[in-house]
Every structure is written in structure tokens, then in C-alpha cells.
Amino acid sequence: MMTGIVLSLIAGALVGLQNIFNSKVNEHAGSWATTVLVLGLGFTASFTLGLIMEGADLFVLDGMKAWFWFSGLIGVGVVTCITQGVRRLGPTYAISIALTAQLVFALLFDSIGAFGLEIVPFTFKQLIGVLVIIGGILLFKLGGRSKKASVEMKEKRLA
Amino acid sequence: MKGVLFAILGGLFITLQGVANAQIGSAIGTWQAVTVTQLTGFIAAVFLMILFRDKTWRHYKRVKPLYLTAGSFAAIIIFSNITAIHQIGVTLTIAAVLIAQLAIAFFTDIFGWFSVSKQKMKLPQFVGIGMMVAGVLILSF
């Protein structure tokens, strides 16, 4: 359990850094040029680390299903929807809604064991946990801060 | 209303991506899954960049080199994410990822890291982070 939480925290911290750095790239390059750079480097790093960890086994793709080749398209959906949401609602509201939706769908998928996931039974405790987190997100995002305009600029990074 | 729908779909896709990666990881191995999804995402992004005639890659050189490297973090991010989902489920993984992510944004704003202009955080932001941590503790016990 602890390992899973520590790994998630590492992933989250790197996502946070990535958001900041990518937004700096996005100040000069467009959304697609930025995405191409990010995924290109992501592939290079994954391929290198994968080779170090797995050796030639990295090329053994037994059990590969056709839809695996298209799963990268989900990422395209993420970029499109978040960009459109931010454009229409502004970053604060769009990101608050997206973060809340992430957790609600996660709870739903865990509870019904969607897409072949192992079922994590839905309990009252889980509902409370998720509601408290969502309350925290909303307070963090929507709670008054000084210099509102510049804050909104910053929050774009979380997209 | 359309904006709300886009934001909800964006959140759905982020969660879906985690679940899909975890399933692919179970089928072909974690590093194989990380490499394949980055490769296919990259190819799709190149097609879209050409389709939308985005030629701004010429401006990469205007960006400070450090900031150009962030894409490489994905190797560790996706590997950790897949492993975590297998160990503790989607809900707890996503909750912990969100907290660490918002905490980085929070400290960057407070201390003005990476030449981001400093922000004063008020009580709601501190209480908000506290509630998120409390929520994860409730989920984990």
C-alpha cells in the first residue's frame, strides 16, 4: 500500500513540474508543437529506460491487442477537451471541474471494475474520502486569492 | 454549458488513460506499455500538428533548454502510475497524484520557483490542501 502511495506522489510531483515547464514551452510554441515535443521526449526516455530495465524483452509484445495501438489517442482527447474547456470557462473553473470529474470517474471505474479492473468495492468510507478531496480541490481553486488575473494565468499550467 | 462538458470529458479521459495504461501494462509488461503508448501518442500528435499546420516548433529554441526537457518525465510518471494502479486501485492513485501535483503548483507560487511570480496564499488554499490530504487518509484506512 505504502509503495503505491509513494509512487503516486512521485508521479504527481513530476506531473506538477511538467505542467509548469510545458506551459513555458507553450508560451512560444503552439499546443500541437508542444504536445509533439513532450510525447517525442517521453517516448525517447521510455524507450531508453525500458531497454535498460528489460533489455531485448522490451520488443516482446506478446498479448498485444489491436486497441493498444490506439490508446495514445486518449491523450489527444485530453489535450483537446482541456484546451476547449479552459478557453470557454477560464482555467480556474475548467480545471476544478476536470479534477473533480477525474476522481468521480475513478471511483466509478473502481467500484464496477470497468475495463477489466479488479473491483474495489464501493463503501461509505470511499464516498466520504472522495467528497472531502473534492471539497479541498474546490476550496483550493475557488477560494479567494489576491491578484486574481495573474493567478488565473498560473493556473493555466495545471491544464 | 459546452465548456463544462469539455472539462468533464477532459477529466474522464485523464482517468481513462490511467486505466488503459494499467490494462496494457498487465497484458504486455509495464515498460512495454509505457513505450508503446508514448510512441503512438507521439505519432498521433505529429499527424495533428501537420493537419492543423502548426509550424511553431521553429520557436522551440526560444525556450530555456531546461523547460524543453519535461516530456522525458513521462517515463517515470507513467511507470509509477501503472504500478500504483495495480497496487492500490484507480481512486487512491489519482487522489495522491492530484495532491502532489497541486502541492508543486502551491510551492511554486509561494516561493516563485522557475521565475514564476510569487503569490501570497490565503487561508482557503491551506485548508484546501489539508482537506485533500485528509481525504486520501480516509481512503487509505
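Chain letters run A, B, ... following the sequence lines, proteins first and then strands; every chain starts at 1. None of the values given here were measured: they were computed from a predicted structure.
Contact annotation: the side chain of B:T108 approaches that of A:I20 to within less than 4.5 Å [non-hydrogen atoms, C-beta and beyond]. Taking 4.5 Å as the limit, every side-chain heavy atom of B:L139 sits out of range of all side-chain heavy atoms of A:K125. No side-chain heavy atom of A:L37 sits less than 4.5 Å from a side-chain heavy atom of B:W57. With a 4.5 Å cut-off on side-chain heavy atoms, B:P124 and A:F140 do not count as touching.
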Inset, instruction - Carefully, step by step, assess B:W31 and A:D57 under the rule side chain to side chain contact (heavy atoms under 4.5 Å, CB included). - result: CA-CA 10 Å; B:W31 280 111; A:D57 284 350; over 6 Å; no
Inset, instruction - Please report the C-alpha distance between B:I85 and A:L117 in whole Å, then the side-chain angles of each, then the deciding distance to 0.1 Å, and finally whether the side chain to side chain contact (heavy atoms under 4.5 Å, CB included) criterion is met. - result: CA-CA 9 Å; B:I85 289 179; A:L117 282 171; 4.3 Å; yes
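One N or O on the side chain of B:Y60 and one on the backbone of A:A33 form a donor-acceptor pair closer than 3.5 Å. B:T56 contributes a side-chain N or O that, together with a main-chain N or O of A:G30, makes up a donor-acceptor pair within less than 3.5 Å. Put simply, the side chain of A:K24 gets close to the backbone of B:F114: a donor and an acceptor are under 3.5 Å apart. Proximity of a side-chain donor or acceptor of A:Q102 to a complementary backbone N or O of B:I14 within less than 3.5 Å is not detected. No donor-acceptor distance shorter than 3.5 angstrom exists from the side chain of A:D110 to the backbone of B:G89, with no hydrogens or angles considered. The main-chain N or O of A:G143 is found under 3.5 Å from a side-chain atom of B:Q125 such that the two form a donor-acceptor pair.
What you find for A:V130 and B:T91 is that their closest heavy atoms are CG2-CG2, 3.7 Å.
Remark: A:S8 engages no residue in a side-chain hydrogen bond (donor to acceptor under 3.5 Å, both in side chains) (not counting sequence neighbours).
In this structure, the portion of B:V19 lying under 4.5 Å from any heavy atom of chain A is its side chain and not its backbone.
Comparing B:L12, B:T37, B:I43 by heavy-atom pairs within less than 4.5 Å of chain A, the highest count is held by B:L12.
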